[in-house]
Structures are given as structure tokens and as C-alpha cells.
Amino acid sequence: MEVAAANQPWFLCKHVDGSVFGPLAFEEIRRWADGAQIAPHDKVSHDQETWLKAPMFPELGMDWLVEVQSERCYGPTTLGAVRGFRRLGEVGEETL
């Protein structure tokens, strides 16, 4: 799916409260993902009818799973979110 080249509006729906943001350029959604502002269960749509979970868009780089507690994983998420977990001390260098 080559969404980055698509010249159409995009929408982001936050899983936690159902808030919808948009219309946005897909590049803006990518920046939000890079900044750890998109969670694994958040959804993206170009028509507000068909929603896909954000990690299904390879362009968002949500390729990481993080063990934040013993036997509890978070993700898929971005490298930016992994860095955030490190800053907060939730994961260490030994974390997988």
C-alpha cells in the first residue's frame, strides 16, 4: 500500500477515547508515529468508513515490541516510543 504518495486526506482515531483527528496529510500521521503519539490500537482511515490499526501501515515504522514488565509486551510501536520507555526507565539495556 503506497499511502505516502496518495494525495488524499487521512484521519486518525485514538483507541483510548475515540477522538478523531483530521483531515491530515499522511506525512503528519507519520510524524506523530515517529514522536510516539500513536498507540498500537489507534486506527487510520482515508474515508472514515474503513479503519485499519496503525501498525498495518508499514510507512509508520511500527515494527517494535517492547517488554515493559515481565511477560507484558507493548506494541507494535515505533523506535521513538522505545526511546521514550528508555527515558522513563521502564526498559533498560537488557530489555528485549
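- In terms of heavy atoms, Ile38 sits closest to Met62 at O-CE, 3.6 Å.
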ask   = Would Val20 and Trp51 count as a side-chain contact (heavy atoms from CB on, under 4.5 Å) if you check the C-alpha gap in whole Å, the side-chain angles of each, and the deciding distance to 0.1 Å?
value = CA-CA 11 Å; Val20 175; Trp51 294 90; 4.1 Å; yes
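- By the neighbour-count criterion of 12 heavy atoms within 6.0 Å, atom NZ of Lys43 is sparsely surrounded, having that number or fewer from other residues, nucleotides or ligands.
- In plain terms, the two heavy atoms of Pro40 and Pro55 that are nearest each other are O-CD, 3.2 Å.
- Classification of the His46-Trp10 ring pair by plane angle, with boundaries at 30° and 60°, yields perpendicular.
- Residue Phe21 comes nearest to Ser19 through the heavy atom pair CE1-CB, 3.8 Å, listed as atom of the first residue, atom of the second, then distance.
- Once rounded to the nearest 0.5 Å, the distance linking CZ of Arg83 with CZ of Arg87 reads 8.5 Å.
- Note: Ile29 CD1 to Phe57 CZ = 8.0 Å, rounded to the nearest 0.5 Å.
- The main-chain N or O of Thr50 is found under 3.5 Å from a side-chain atom of Ser45 such that the two form a donor-acceptor pair.
- Residues Phe26 and Phe11 fall into different hydrophobic clusters, defined by Ile, Leu, Val, Met, Phe, Trp and Tyr side chains chained together at heavy-atom separations under 4.5 Å.
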Residues Thr78, Trp32; criterion side-chain contact (heavy atoms from CB on, under 4.5 Å); working and verdict = CA-CA 10 Å; Thr78 63; Trp32 289 10; over 6 Å; no
